[in-house]
Undergrad: 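My questions all concern the structure below.
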Number of protein chains: 2
Amino acid sequence: MADHPHPSDPQETSVDEAVFHERYPSRRLLDLIASRWTPIVLFCLASGTHHYGQMQRRIPGISKKMLSQTLRRLETDGLVHREVYRVVPPKTEYELTELGWRLHEPVRFLCRWAAENAEIFDRIERNRTVASVSE
Amino acid sequence: MADHPHPSDPQETSVDEAVFHERYPSRRLLDLIASRWTPIVLFCLASGTHHYGQMQRRIPGISKKMLSQTLRRLETDGLVHREVYRVVPPKTEYELTELGWRLHEPVRFLCRWAAENAEIFDRIERNRTVASVSE
DNA sequence: CAGTATCCTTCCGGATACTG
DNA sequence: CAGTATCCGGAAGGATACTG
């Protein structure tokens with residue numbers, strides 16, 4: 001582990017450089033939302049309380065395993081509240097906590113930006129196609 | 001080709017549901033930036049043209065392999081321009097393209113939001129710690 | 001300096017089957 | 001209905017060695 005910042009050189013790691021550090025907020029945010037399902041689940045719950053099966057139906061392609069895993073993670077992180085009703089048939093409700101709502105903010109921004117700049121993705125996709133053809 | 005729900009699609013798959021589809025811009029944006037190194041490399045290049053070794057020194061923890069891979073990806077996507085100078089010793093310069101700059105926008109937003117809401121991550125981390133202790 | 005090539009380990013995530 | 005348990009293939013990613 002090359003932890004380089006030696007006391008002898010205090011100025012080397014400036015404030016600017018800190019942005020790239022693992023513990024810097026930007027990295028931590030990405031570690032949180034930069035996964036396949038987390039943002040989509042967050043977004044889904046932003047439209048209101050949901051049941052398990054309901055969510056699985058709304059999110060195409062997600063498996064039970066991934067849905068459970070994602071929800072559990074969000075729950076232990078305190079972003080989602082899980083309310084279990086001991087009835088027959090069983091019923092469980094998931095909803096965003098206050099913390100969850102706060103995190104939803106940047107996610108929503110991303111979604112909106114993406115929608116408004118949709119042509120970018122087509123351009124990128126074209127670039128990629130051209131590159132793969134010419135190789 | 002993904003069977004996208006065409007507009008004629010009567011019920012069940014409303015506009016709202018489309019948000020969760022793979023081909024929807026939000027998903028595509030996440031596929032692009034939701035990786036360990038891509039956003040950080042993008043962010044790094046946003047502060048100006050860089051050399052290879054320069055970047056490796058600025059970004060702690062990145063391996064040569066990952067740096068190369070990430071840069072190659074960004075290059076074929078048309079987000080980064082690579083200029084090779086055939087001199088001794090070899091020199092290569094990386095810089096953002098116009099497309100790269102556009103994508104930098106949401107990345108910068110994320111970083112800024114994260115910095116302004118840094119306490120959120122501490123709260124989440126505490127939640128996680130508590131959960132792991134009590135199990 | 002600026003990479004590529006190779007090996008190897010870990011984790012992601014889908015499919016399936018089972019339970020309360 | 002609302003999950004958990006298990007298996008397994010493939011991709012991500014680190015370490016190391018080598019090249020122009």
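Every chain is numbered from 1 and lettered A, B, ... according to where its sequence line falls, protein lines coming before strand lines. Worth saying up front: this structure is predicted, and the values here are computed from it rather than measured.
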Undergrad: Does the separation of the ring centres of B:Phe43 and B:His104 fall below 6.0 angstrom?
TA: yes
Undergrad: Starting from the 5' end of DNA chain D, give me the residue, B:Trp37 or A:Lys64, whose nearest nucleotide shows up first.
TA: A:Lys64
Undergrad: Counting only side-chain heavy atoms from C-beta out, which of C:dG3, C:dA2, C:dG20 sits nearest to A:Pro90?
TA: C:dG20
Undergrad: Of the nucleotides C:dG14, D:dG13, C:dG3, which has the atom closest to the A:Arg36 side chain?
TA: C:dG14
Undergrad: Tell me: CD of A:Gln69 to P of D:dA5, nearest whole Å?
TA: 12 Å
Undergrad: Are the charged groups of B:Asp77 and A:Arg126 less than 4.0 angstrom apart, N to O?
TA: no
Undergrad: B:Asp31 CG to D:dA11 P: how many Å, rounded?
TA: 15 Å
Undergrad: C:dT4, D:dG14, D:dG3: which one has an atom nearest the side-chain heavy atoms of B:Tyr52?
TA: C:dT4
Undergrad: Round to a whole Å and report the spacing from OH of B:Tyr94 to P of C:dC1.
TA: 14 Å
Undergrad: Of the options C:dG13, D:dG13, D:dA2, whose atoms approach the side-chain atoms of A:Lys65 most closely?
TA: C:dG13
Undergrad: Is there a donor in the side chain of B:Ser47 and an acceptor in the side chain of B:Arg58, or the other way round, less than 3.5 Å apart?
TA: yes
Undergrad: Is the distance from OP1 or OP2 of C:dC1 to the nearest side-chain N or O of B:Thr92 less than 4.0 Å?
TA: no
Undergrad: Indicate whether any N or O donor in one side chain lies under 3.5 Å from an N or O acceptor in the other, for A:Thr70 and A:Arg36.
TA: no
Undergrad: Before accepting this row, confirm whether a basic side-chain N of the pair B:Arg28/A:Glu125 lies closer than 4.0 Å to the acidic partner's carboxylate O.
TA: yes
Undergrad: Among the nucleotides C:dG14, D:dG13, D:dG3, which one has an atom lying closest to any side-chain atom of A:Arg82?
TA: D:dG3
Undergrad: Assuming nearest nucleotide by heavy-atom distance, tell me which of B:Gln54 and A:Ser35 is located more 5' along DNA chain C.
TA: B:Gln54
Undergrad: Mind checking if A:Ser68 touches a base, just sugar-phosphate, or nothing, with heavy atoms under 4.0 Å?
TA: base
Undergrad: Counting Watson-Crick and G-U wobble pairs only, both distances under 3.5 Å, name the nucleotide matched with C:dC1, or none.
TA: D:dG20
Undergrad: Over how many whole Å does the gap from A:Arg73 atom CZ to D:dG3 atom C1' extend?
TA: 20 Å
Undergrad: Identify which nucleotide among C:dA2, D:dG14, D:dT4 has an atom closest to any side-chain atom of B:Met66, counting heavy atoms from C-beta outward.
TA: D:dG14
Undergrad: May I have the distance from A:Ile62 (atom CD1) to D:dA2 (atom P), rounded to whole angstrom?
TA: 15 Å
Undergrad: Counting any heavy atom closer than 4.0 Å, what does A:Tyr85 reach on the DNA or RNA strands: base, sugar-phosphate only, or nothing?
TA: nothing
Undergrad: Expressed in angstrom and rounded to an integer, what is the separation of A:Leu67 atom CG from D:dG3 atom P?
TA: 8 Å
Undergrad: Once you round it to whole Å, what is the distance between C1' of D:dG3 and CD of A:Glu93?
TA: 16 Å
Undergrad: Relative to B:Trp113, does A:Arg108 satisfy both conditions: NZ or CZ under 6.0 angstrom from the six-membered ring centre, and within 45 degrees of the ring's axis?
TA: no
Undergrad: I need the CD-C1' distance between B:Gln56 and C:dT4, as an integer number of Å.
TA: 14 Å
Undergrad: Between D:dG3, C:dT6, C:dG13, which nucleotide gets closest to the side-chain atoms of A:Arg72?
TA: D:dG3
